[in-house]
Amino acid sequence: QRSILRDLSPSETFPALQNVSFTVQPGITYGVIGRNGSGKSTALKLVAGITKPTSGTVSARGRISALIELGAGFHPEISGRENIFINGIMLGLTKRDIEKRFDEIVEFAELADFIDEPVKTYSSGMLVRLAFAVQSQVNPDILIVDEALAVGDAKFQAKCFERLKRLKDNGTSILLVTHSTEQIVTHCNRAILINEGIL
């Protein structure tokens, strides 16, 4: 009968992030690395506007796109083709934009033989490929990538990073959360380490 929210006292809470501050310039890939539970994803959700800060401020200029939970907006009962249009429109593309880019999306995702099958029949790898192929068609000012590529195979990851490089070369700022020091060294201009919510 008791409310968890009402009964939770300040002594039983803890801040996910403390005194974390960073600036990302246009056309830079900025890595965010740290152990599980360190506050990496919280930082990116704050930048994306998914979560509001309880203190401090977040300033993000321009159009933001987030590759945080790939495939989260897909409907399992309808086809990949239909999901491309629905997801693309949700991301701000017009129907005409999607029609123009449809073949490129399907080719990138390597799903030509399955595009008219229900998404519920896709493997997790197929779903991630399709989701990334759609979301990377948006040309944002800020792109947030939160471990979204971890489930893909090495060949697909290489394709994704090539696409990210093209976006960066066109002036997109990329925030990349990863556990991989190799990805940080290979793909990032700068990086921060977050440990228990602190830089």
Please check this pair: side chain of [X] against backbone of [Y], looking for a donor-acceptor N/O pair closer than 3.5 Å.
X: K45; Y: T51; answer: no
X: N189; Y: T29; answer: yes
X: D97; Y: L93; answer: no
X: R101; Y: Q137; answer: yes

Pair S41, D146: side-chain N/O donor-acceptor within cut-off below 3.5 Å |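 The answer is yes; a qualifying pair exists.
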Just how far is it from atom [atom1] of [X] to atom [atom2] of [Y], taken to the nearest 0.5 Å?
X: K40; Y: S38; atom1: NZ; atom2: OG; value: 4.0 Å
X: K100; Y: K95; atom1: NZ; atom2: NZ; value: 14.5 Å
X: C188; Y: I174; atom1: SG; atom2: CD1; value: 9.0 Å
X: L143; Y: L175; atom1: CG; atom2: CG; value: 8.5 Å

With I144, the side chain to side chain contact (heavy atoms under 4.5 Å, CB included) member among V177, L176, V47 |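 Answer to the side chain to side chain contact (heavy atoms under 4.5 Å, CB included) test with I144 among V177, L176, V47: V47.
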Can you check side-chain contact (heavy atoms from CB on, under 4.5 Å) on L167 and D169, steps first, answer last?
-> CA-CA 5 Å; L167 287 170; D169 291 345; over 6 Å; no
Same cluster (ILVMFWY, side-chain, under 4.5 Å), [X] and [Y]:
X: I64; Y: M90; answer: no
X: I86; Y: I84; answer: no
X: I78; Y: L91; answer: no

Give the minimum heavy-atom separation between [X] and [Y], together with the two atoms involved.
X: P53; Y: V58; result: CG-CG2, 4.3 Å
X: A131; Y: F74; result: CA-CZ, 3.8 Å
X: S173; Y: V24; result: CB-CG1, 3.9 Å
X: R35; Y: H179; result: C-NE2, 4.2 Å
X: A133; Y: I105; result: CB-O, 3.5 Å
X: A66; Y: Q135; result: O-OE1, 3.0 Å

Are T178 and I184 close enough, and set up right, to give a side-chain contact (heavy atoms from CB on, under 4.5 Å), and what steps lead you there?
-> CA-CA 8 Å; T178 180; I184 293 286; 3.7 Å; yes
Side-chain touch [X]/[Y], heavy atoms, less than 4.5 angstrom:
X: T172; Y: N139; value: no
X: M126; Y: L130; value: no
X: R129; Y: Y122; value: no
X: F114; Y: T121; value: no
X: L164; Y: F132; value: yes
X: H75; Y: N83; value: yes
X: P118; Y: S79; value: no

Under 6.0 Å from the six-membered ring centre of F108 and within 45° of its axis: does the NZ or CZ of R163 meet both?
->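 Satisfied, under 6.0 Å and within 45°.
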Show the numbers, then the answer: is there a side-chain hydrogen bond (donor to acceptor under 3.5 Å, both in side chains) between T186 and Q183?
-> CA-CA 5 Å; T186 305; Q183 286 183 1; over 6 Å; no
Tell me, yes or no, whether the heavy-atom count around E107 atom CD, taken from other residues, nucleotides or ligands under 6.0 Å, exceeds 12.
->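 For E107, atom CD is not crowded (no more than 12 foreign heavy atoms under 6.0 Å).
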Hey, do the aromatic rings of F22 and Y30 have their centres closer than 6.0 Å?
->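 That pair passes the under 6.0 Å test.
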May I ask you to say whether E110 pairs ionically with K155, meaning some side-chain N is under 4.0 Å from a carboxylate O?
->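 Yes.
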Are any of the side-chain nitrogens in R63 or D141 under 4.0 Å away from the carboxylate oxygens of its partner?
->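 Not counted as a salt bridge, because no side-chain N and carboxylate O are separated by less than 4.0 Å.
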